[in-house]
Protein chains: 2
Amino acid sequence: MTNDARRGRREGAISLAALRCFAAAVEGGSVSRAAEILGLSQPTVSVTLTGLERACGTLLLHRRPRLALTDAGQDLLARARLVLGRMDELEETMRQSRDLRRGSIAIGLSTPAHAMPCIAALMAAHPELRVRTRLGNTNGLLEALSACEVEVAIMTLTKPVEGMSCTLLVTQRLIACVPASAPRAGISLEDLAAGPLVLREPGSMTRAMMEAAFAAHGLSGRIALEVGSREAAREAVAAGIGISVVLDGEAWQDQRLRAVPILGEPIEGGVYAVALPESLDLPAVRVFVGLSADAANRAAT
Amino acid sequence: MTNDARRGRREGAISLAALRCFAAAVEGGSVSRAAEILGLSQPTVSVTLTGLERACGTLLLHRRPRLALTDAGQDLLARARLVLGRMDELEETMRQSRDLRRGSIAIGLSTPAHAMPCIAALMAAHPELRVRTRLGNTNGLLEALSACEVEVAIMTLTKPVEGMSCTLLVTQRLIACVPASAPRAGISLEDLAAGPLVLREPGSMTRAMMEAAFAAHGLSGRIALEVGSREAAREAVAAGIGISVVLDGEAWQDQRLRAVPILGEPIEGGVYAVALPESLDLPAVRVFVGLSADAANRAAT
DNA sequence: GCAATCTATAGCATAATTCTATGGAGGTGA
DNA sequence: TCACCTCCATAGAATTATGCTATAGATTGC
């Protein structure tokens, strides 16, 4: 497009400011009063009204003997009030969204035990915010984040993910989970590798952490049973199928099981609040991450 | 108000342009497409959307992996479409007003015989325009114009009125109106002054013209009967009460009456289209005055 | 008639808008 | 894999819009 074509565009598009001046002039009964109402100077309103009349191609207000609507002005007034009313509603809606008095947030979680206190804090602080959750393993949640299916996720990571905003909440170590009948106080990496092992599917962070630990020590852990959820792993251990591993904070309150430390160098991972960087511009996400960090700190002390 | 207070006003009022960009971006599925739709450059739309998000205090559109509405964006879209829809209606209404496809005009008239062809021309050219008329004498119509009770008036004047837009349509002379039985071919001013005269009320232009003519010749016309309308004058003359005067173009088609010239220097007045100067900014008035001049010219040839 | 009030114009400063040019990120085909 | 294409974001510059102060003309009221 050339500069000339730009200059030649129709002059006098009707602006919201002009409609506000017009409505205020009618309401106040004079241009001066309208300026007062709007917090503008009288000449500003005067010029704006003149411009509005030129844009409309017709006189809208008789100034003499007193302010009086013309026929077109009457038409315009009704419609201007509709536009301005809708606009006010729109701005109020956005204000509510910003203050989390409306709207919703989708939260992904791989470790409900860590995530739920955060979610509880969010819901307590903003009762009118609708919260949806989605359970998944770390890899699945990262995909859901990329696809914008969830706005933020509480998940386990060994280190922050490139291209994502990752806020560390707590650091946790892996522990072994054995049947309550097994009389041991600790278990070595070699014993774990010897199995029988009950582990989660690929994509799970506990699985990845175990395999990395085995590889670092030249071991190759053979997996007796691969399960798709923590619940299945728990039942498998309770049934005596093998030994499983979980994060410290995820230890089950189950009479049939016992948590025992893994001997040697601790296998550590972090629980993170993860989001797309741009998603931090969502007030709900920003607030949720903040509250999550608070909740983690409170739990740590 | 100080300059600082002005500078400090809340930044980021939501503009119509921003809403248009937003709606177009959603509709087009990309920022570039939105720019195309709106006839703007891509960066313009990009920064406008960023500004809208800052004004709303929240992210509205996920840009990756493809354009997707956030929760607040969904809310905003529905309301933005309402605002823009109302705005479109408003602009269409103003367009119709400008083109006289809607609206109304109030026309005053003191001489229906001259005004009706003008009104007929207006109604033929703009069938959707509602026309209201109001009959009155010259003085009454001038007051109605000042009070904005009529937008324009067709009336008789001896000369243009100060502070009013006066467009001369035709020049007419006064003629006498006598019973058909009276066998005269003309009548002198002295004979008229001798009466018996039937004249209109003060405020009527024919009355003022007659009195001015009498005064100019040192005569004092005695009024036998004062009437409030042309119809009353006609019946009075037919009943033999006296002689009346009318403008040339107002001569009655009545078997009982005869129009005869007034001898001597002609007593002339003009038929004018009169309006407040500002009322010429009303398309209906401007068009009506133009059509009236045309109609007068056509009648003259 | 004169003061008071209201509207309109002129001139100027600041803010907003919009462009072109350019950089960087994500996906596609040889 | 690398080049290429598309898309979005940023930077800088020019133009337009907005809003103010100061002031003049008009109208109303005592």
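Proteins come first, then strands; the chains are lettered A, B, ... in the order of their sequence lines, and each starts at number 1.
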Within the distance-only criterion (no hydrogens, no angle test), does the side chain of A:Asp281 pair as donor or acceptor with the backbone N or O of B:Thr58 below 3.5 angstrom?
no
Side chain B:Glu151, main chain B:Ala106, donor-acceptor under 3.5 Å:
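Yes, B:Glu151 side chain to B:Ala106 backbone: donor-acceptor pair under 3.5 Å.
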Taking the side chain as everything from C-beta on, heavy atoms only, tell me whether A:Leu49 gets closer than 4.5 Å to A:Val47.
no
Using atom [atom1] of [X] as one end and atom [atom2] of [N] as the other, report the distance to the nearest whole Å.
X       : N      : atom1 : atom2 : answer
B:Arg54 : C:dT17 : CZ    : C1'   : 14 Å
A:Leu49 : C:dC6  : CG    : C1'   : 14 Å
B:Leu16 : C:dT17 : CG    : C1'   : 15 Å
B:Leu40 : C:dA16 : CG    : P     : 18 Å
A:Leu52 : C:dT7  : CG    : P     : 16 Å
B:Glu53 : D:dC8  : CD    : P     : 13 Å
B:Leu19 : C:dT17 : CG    : P     : 12 Å
A:Arg20 : D:dA17 : CZ    : P     : 19 Å

Closest-nucleotide mapping onto DNA chain C: is A:Gln42 or B:Gln42 further toward the 5' terminus? I mean the 5' end.
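Result: A:Gln42.
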Give me the atom names and distance for the closest heavy-atom approach of B:Ala275 to B:Val285.
CB-CG1, 4.1 Å
Reckon A:Ser30 touches a base, only the sugar-phosphate, or nothing at all at heavy-atom distances under 4.0 Å?
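If one applies the 4.0 Å heavy-atom cut-off, A:Ser30 turns out to touch the sugar-phosphate alone, with no base involved.
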What's B:Ser41 touching, base or sugar-phosphate or nothing? Going by heavy atoms closer than 4.0 Å.
base
Are B:Arg102 and B:Thr93 close enough that a side-chain donor and a side-chain acceptor fall under 3.5 Å?
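There is no such pair between these side chains.
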Nearest to the side chain of [X] - [options]?
X       : options               : value
B:Leu67 : C:dA8, D:dC20, D:dC8  : D:dC8
A:Val47 : C:dA8, C:dT9, D:dC8   : C:dT9
B:Arg63 : D:dG19, C:dT18, D:dC8 : D:dC8
A:Ser46 : C:dT18, C:dT7, C:dA21 : C:dT7

Would you say a side-chain N or O of B:Ser32 is under 4.0 Å from OP1 or OP2 of D:dC8?
yes
